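Data first, discussion second: the structure below is written as structure tokens.
Order of the sequence lines sets the chain letters (A, B, ...), proteins ahead of strands, with each chain counted from 1. On a predicted model such as this, the values are computed, not experimentally measured, just so you know.
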Number of protein chains: 2
Amino acid sequence: MEQKRSDIIANQIEELIFDGTFSDGERLDEVQLSERFAVSRTPIREALLRLAQSGLVEHFPRRGVFVRQPGPIELLEMFEVMAELEATCARFAAARISDAAIQELNDTNKRCNAAVEAKDADRYYLENERFHAILYKESGNSFLEQECLRLQRRLQPFRRTQLRLRGRLKQSMHEHEEIVAALEDGDSQAAADAIRDHVAVQGEKFHHLMARLKTAAE
Amino acid sequence: MEQKRSDIIANQIEELIFDGTFSDGERLDEVQLSERFAVSRTPIREALLRLAQSGLVEHFPRRGVFVRQPGPIELLEMFEVMAELEATCARFAAARISDAAIQELNDTNKRCNAAVEAKDADRYYLENERFHAILYKESGNSFLEQECLRLQRRLQPFRRTQLRLRGRLKQSMHEHEEIVAALEDGDSQAAADAIRDHVAVQGEKFHHLMARLKTAAE
DNA sequence: AATATCTATCTTGTATACAAAAATATTGAC
DNA sequence: GTCAATATTTTTGTATACAAGATAGATATT
């Protein structure tokens, strides 16, 4: 399945929003964007339409599209839902998971650990995402898997800042191991609780997220 | 927030898919649709793009868009996720719900019952959806609420056939009352379990859904 | 000076035009 | 008659043109 030009543009605009080039509330001008990407307005409009659907921008008919970063409350809500979805994945997976998948989770954790040692943040993020992605898949529910991936993608830029917390990496790795242990035991309740706590924004994580939102607002 | 033309068209095409005018796997021709709706291809394309995002049609670049009704497995998966999402709503709501909302749920149930007595199916569906919508809202998590509404909307045509089951209506009403009772007690576990069972596709409901899929395939 | 209204300009939404890729038909070879 | 290669037609994707709504600025009025 090849990508359309407008899909590529949508991803690039998304990136520009995430990296702060376009800030919250800013209007995205169709002609400006078409000049920037050296295409006509048509693919730009399609891209913006897609972003509006995903909730990253808001579309007001005849007025334009505006960047719409989630505020602190919405962000907490999204993390809460993510935690519940992942907990559901874990609950399902505890009954259905294969030995091969357990092994795969352990391998990913090892690579994760190696990345921590090497202080390779990008590699860590990648392996971390992979760990979660395996869990989604092992829920045995493809639709649930897709929904999780969608929300994970949406939360990605915020999740990354979460992990920058001092000492969070080792703690996070420990939680991963706990999750795998619960899955191995087939203890669905423990697995669900472990991942819920792992994903949820609480305690120190909460303050860090709030701090990051403040700096991002400037 | 007024609607764009392409939004209206998207909803109409959606309706045409639901009512069987366009069947599964069928290609949706842009020019044919533009003639049918007496507009140019532009708003048609925007509508199709939106439907592709929501998953109702599949878009293959340079080849067209095709109706993509969920198969039995995907449908079961979607109902499973819906059940979990609603269970989460109930769990949250059990702690947060207000007396006024409890009253609202009871009122809606009364109107639901009245619709059953009057054999007014449309009215029943409406009130039933309202019952669930109140629950989503009372979760206290707007993002969760929106996600639930989105999936509810997607499952709507299938949910309706679910309820046509003989005797299902009264059973369903009883379950509603059980849910409210659990919420009133603040028993989050009971509320979650009650709504999960209420939404889940199992037993008789499963066979009915399969039967409906077979007839729809013809 | 402040506000209201009219006008000019800008921007979006829709229609049409064009280019490139895919599907289909046609012709020719075996 | 079947298969392959090529030509034709369709159909999508993109660019441009045009129309109507929204914004902003200028002028007039109180």
>> Once you measure the plane-to-plane angle for H132(B) and H198(B), does it fall in the parallel (<30°), tilted (30-60°) or perpendicular (>60°) bin?
In response: parallel
> Who are the salt bridge (charged side-chain N to carboxylate O under 4.0 Å, His left out) partners of E127(B), not counting sequence neighbours?
Replying inline: R111(B), R123(B)
> E147(A): what forms a salt bridge (charged side-chain N to carboxylate O under 4.0 Å, His left out) with it, not counting sequence neighbours?
Replying inline: R150(A), R150(B)
>> Can you tell whether the side chains of K137(A) and E104(A) come within less than 4.0 Å, N to carboxylate O?
In response: no
>> At 10 degrees resolution, what angle do the end axes of the helix from dA1(C)-dT30(D) to dC30(C)-dG1(D) form when each is taken over five base pairs?
In response: 10°
> Residues two or more places apart in sequence or in another chain: which of them pass salt bridge (charged side-chain N to carboxylate O under 4.0 Å, His left out) with D19(A)?
Replying inline: none
> What string of B, S and - do you get for nucleotides 7-20 of chain C, 5' to 3', when a contact is any protein heavy atom under 4.0 Å?
Replying inline: ----SBBBBBB--B
> Taking Q103(B) as the fixed residue, which of D107(B), D99(B), N106(B) is the one that meets the side chain to side chain donor-acceptor pair (under 3.5 Å) rule?
Replying inline: D107(B)
> For residues 85-94 of chain A, which residue pairs qualify under salt bridge (charged side-chain N to carboxylate O under 4.0 Å, His left out), counting only residues two or more places apart or in two chains?
Replying inline: E86(A)-R159(A), R91(A)-E84(B)
